[in-house]
2 protein chains.
Amino acid sequence: MTTTTLDQTDLQLLRLIQKDASLTNKQLGLKLHKAGNTIFNRVERLKEIGYIIGTLTIINREKLGEMLTSFTSIQLKDHSTQSLKNFEQEVVKFTEVMECYHMTGDFDFILKIVVSNMQAYKEFVVNRLANLPDVGTVRSQFVINEAKRELAYTLEMPPFHANGQ
Amino acid sequence: MTTTTLDQTDLQLLRLIQKDASLTNKQLGLKLHKAGNTIFNRVERLKEIGYIIGTLTIINREKLGEMLTSFTSIQLKDHSTQSLKNFEQEVVKFTEVMECYHMTGDFDFILKIVVSNMQAYKEFVVNRLANLPDVGTVRSQFVINEAKRELAYTLEMPPFHANGQ
DNA sequence: CTTTCAAACAGAATTAAATTCTTTAAAGTG
DNA sequence: CACTTTAAAGAATTTAATTCTGTTTGAAAG
């Protein structure tokens with residue numbers, strides 16, 4: 001029924017809404033030289049074919065009190081597929097673990113951990129993180145300052161297009 | 001005029017909208033046992049006093065072609081305030097650098113870099129990143145798999161409240 | 001070259017949500 | 001107790017979202 005490929009207008013649209021979801025269809029239409037209706041239809045299509053996942057509100061977390069952020073690297077004692085899967089499955093359950101990446105290099109995982117202070121961090125690592133099976137070395141690096149945190153990707157027209165994957 | 005402190009309803013509201021900005025005021029009101037109107041007023045207030053920064057659309061970046069993500073650590077040759085400021089100021093200008101954190105530990109900065117493939121990564125590091133002043137050691141760790149990436153914070157009632165900071 | 005079909009679009013019509021306005025009730029203050 | 005302030009609800013209004021319909025365009029078919 002509908003094509004799963006994007007044209008330049010779709011890309012422009014994605015670029016705009018990934019920075020600001022509060023723009024109305026009319027406003028977007030003005031920028032892209034289309035009717036508000038047309039924007040609406042395109043956005044619906046982009047949702048259907050999976051380019052748009054959802055929409056969220058960015059909160060100023062700093063206003064809600066103390067915050068300590070760490071990038072914590074984990075090296076497992078055992079590198080079997082089972083151990084890796086196991087650790088990953090468990091570690092993502094912690095609400096303190098905002099992000100978890102399986103990585104190349106000396107350490108197996110990088111976790112972004114957000115807690116309220118060093119006391120809470122210590123409690124978390126010692127009593128909970130280190131208790132997961134096969135956890136070997138844990139290296140903690142703390143954020144002194146967040147200089148940039150961009151959520152919107154630079155969207156480039158892919159050279160191929162026609163992949164609905 | 002308006003209080004800058006949050007009550008439980010405000011926190012609930014923030015928890016809900018930081019996960020889904022497409023909920024209508026009426027829907028939110030139903031969940032929180034308030035009128036749609038009341039939700040509207042609260043959200044307006046939360047914007048005014050700076051708890052709500054904005055709203056954005058999450059794009060499925062994977063559908064737009066190849067992607068290689070790296071956590072790249074940088075050690076500067078010189079650790080003077082001036083060098084740090086200088087580096088930070090310049091590095092955040094690169095669109096490939098999605099995130100930049102000033103860190104404790106052996107390395108001064110951690111950068112989250114997103115490019116389309118290893119060729120582009122090499123080009124970026126060699127021709128651009130390494131050319132910034134005072135760049136010493138560069139350590140690249142690549143993401144094999146993203147197991148978790150949560151943008152919504154766990155919002156807890158702060159023990160103090162009354163800070164409009 | 002003409003016909004046919006499908007897609008993108010614009011504009012009107014409709015529905016639903018956002019926003020404003022007014023009133024009420026509760027809570028705090030002197 | 002009178003006075004003020006605040007949160008909230010409900011009605012009224014404005015604006016945006018959504019649906020519907022007709023037109024245009026371009027590509028494919030004959």
Side-chain angles (χ1 to χ4, degrees), chain A residues 1-60 63-64 155 157-158 160-165, chain B residues 1-59 63-64 155 157-158 160-164:
Chain A
M1 49 177 294
T2 49
T3 41
T4 58
T5 61
L6 305 188
D7 63 15
Q8 279 300 142
T9 302
D10 290 321
L11 276 179
Q12 273 306 136
L13 187 49
L14 289 175
R15 286 193 193 101
L16 290 168
I17 64 180
Q18 80 171 155
K19 290 208 176 267
D20 185 359
S22 72
L23 294 164
T24 66
N25 290 331
K26 194 196 250 183
Q27 290 174 314
L28 290 164
L30 244 45
K31 288 176 196 281
L32 303 180
H33 309 293
K34 302 285 178 202
N37 174 359
T38 302
I39 301 296
F40 173 77
N41 291 137
R42 280 180 179 260
V43 171
E44 285 302 295
R45 183 170 129 269
L46 290 170
K47 286 180 194 165
E48 274 171 29
I49 61 181
Y51 283 86
I52 292 177
I53 293 172
T55 174
L56 52 84
T57 304
I58 300 296
I59 304 297
N60 188 352
K63 297 212 58 147
L64 284 145
L155 302 182
M157 177 55 87
F160 37 89
H161 291 204
N163 71 325
Q165 63 122 343
Chain B
M1 47 177 291
T2 48
T3 40
T4 58
T5 62
L6 305 189
D7 62 15
Q8 278 302 141
T9 302
D10 290 321
L11 276 179
Q12 272 308 136
L13 187 49
L14 290 174
R15 287 193 192 102
L16 290 168
I17 65 180
Q18 83 172 151
K19 290 210 175 266
D20 186 358
S22 73
L23 293 164
T24 66
N25 290 331
K26 193 198 250 182
Q27 291 174 313
L28 291 165
L30 246 44
K31 288 176 197 280
L32 303 182
H33 309 294
K34 301 284 177 202
N37 174 1
T38 302
I39 301 297
F40 173 77
N41 290 137
R42 280 181 180 260
V43 171
E44 284 302 296
R45 181 170 131 270
L46 290 170
K47 286 181 194 164
E48 274 172 28
I49 62 182
Y51 283 86
I52 291 177
I53 294 171
T55 174
L56 53 83
T57 304
I58 299 296
I59 303 297
K63 297 212 57 147
L64 284 146
L155 303 181
M157 176 56 86
F160 39 88
H161 292 203
N163 72 323

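In what follows, chains are A, B, ... by sequence order, proteins preceding strands, each numbered from 1. A quick note: this is a predicted structure, and the numbers were derived from the prediction, not measured.
- The CD-P distance, from B:Glu44 to D:dA7, rounds to 14 Å in whole Å.
- Between the P atom of C:dA17 and the CD atom of B:Gln27 lies a distance of 7 Å, rounded to the nearest Å.
- In this entry the distance linking CG of A:Leu32 with P of C:dC9 reads 10 Å, nearest Å.
- Between A:Leu46 and B:Ile59 the shortest side-chain heavy-atom distance does not fall below 4.5 Å.
- Between B:Glu48 and B:Arg45 no salt bridge is recorded (no basic side-chain N to carboxylate O distance below 4.0 Å).
- Relative to the side chain of B:Asn25, the nucleotides C:dT20, D:dA17, C:dA18 differ in distance, and C:dA18 lies closest.
- B:Ile49 and A:Lys63 make their closest contact through O-NZ, 2.9 Å (heavy atoms, listed as atom of the first residue, atom of the second, distance).
- At D:dA7, none of the side-chain N or O atoms of B:Thr38 fall inside 4.0 Å of OP1 or OP2 (strictly under the cut-off).
- Rounded to whole Å, the distance from NZ on A:Lys26 to C1' on D:dA17 is 12 Å.
- The CG-C1' distance, from A:Leu28 to C:dA10, rounds to 17 Å in whole Å.
- Put simply, NZ on A:Lys47 is 10 Å from P on D:dA17, counting in whole angstrom units.
- The listed nucleotides are D:dT18, D:dA7, C:dC9; the one nearest the side chain of B:Arg42 is D:dA7.
- The shortest distance between side-chain heavy atoms of A:Lys31 and A:Ile39 does not fall below 4.5 Å.
- For A:Asn41 and D:dG22, the CG to P distance is 17 Å, given to the nearest whole Å.
- Among the nucleotides D:dT18, C:dC9, C:dT19, the one closest to any side-chain atom of B:Phe40 is C:dT19.
- Across C:dA17, C:dA8, D:dA7, the shortest atom-to-atom separation from the side chain of B:Thr24 is found for C:dA17.
- Taking atom CZ on A:Arg45 and atom C1' on D:dT19, their separation rounds to 19 Å, with Å as the unit.
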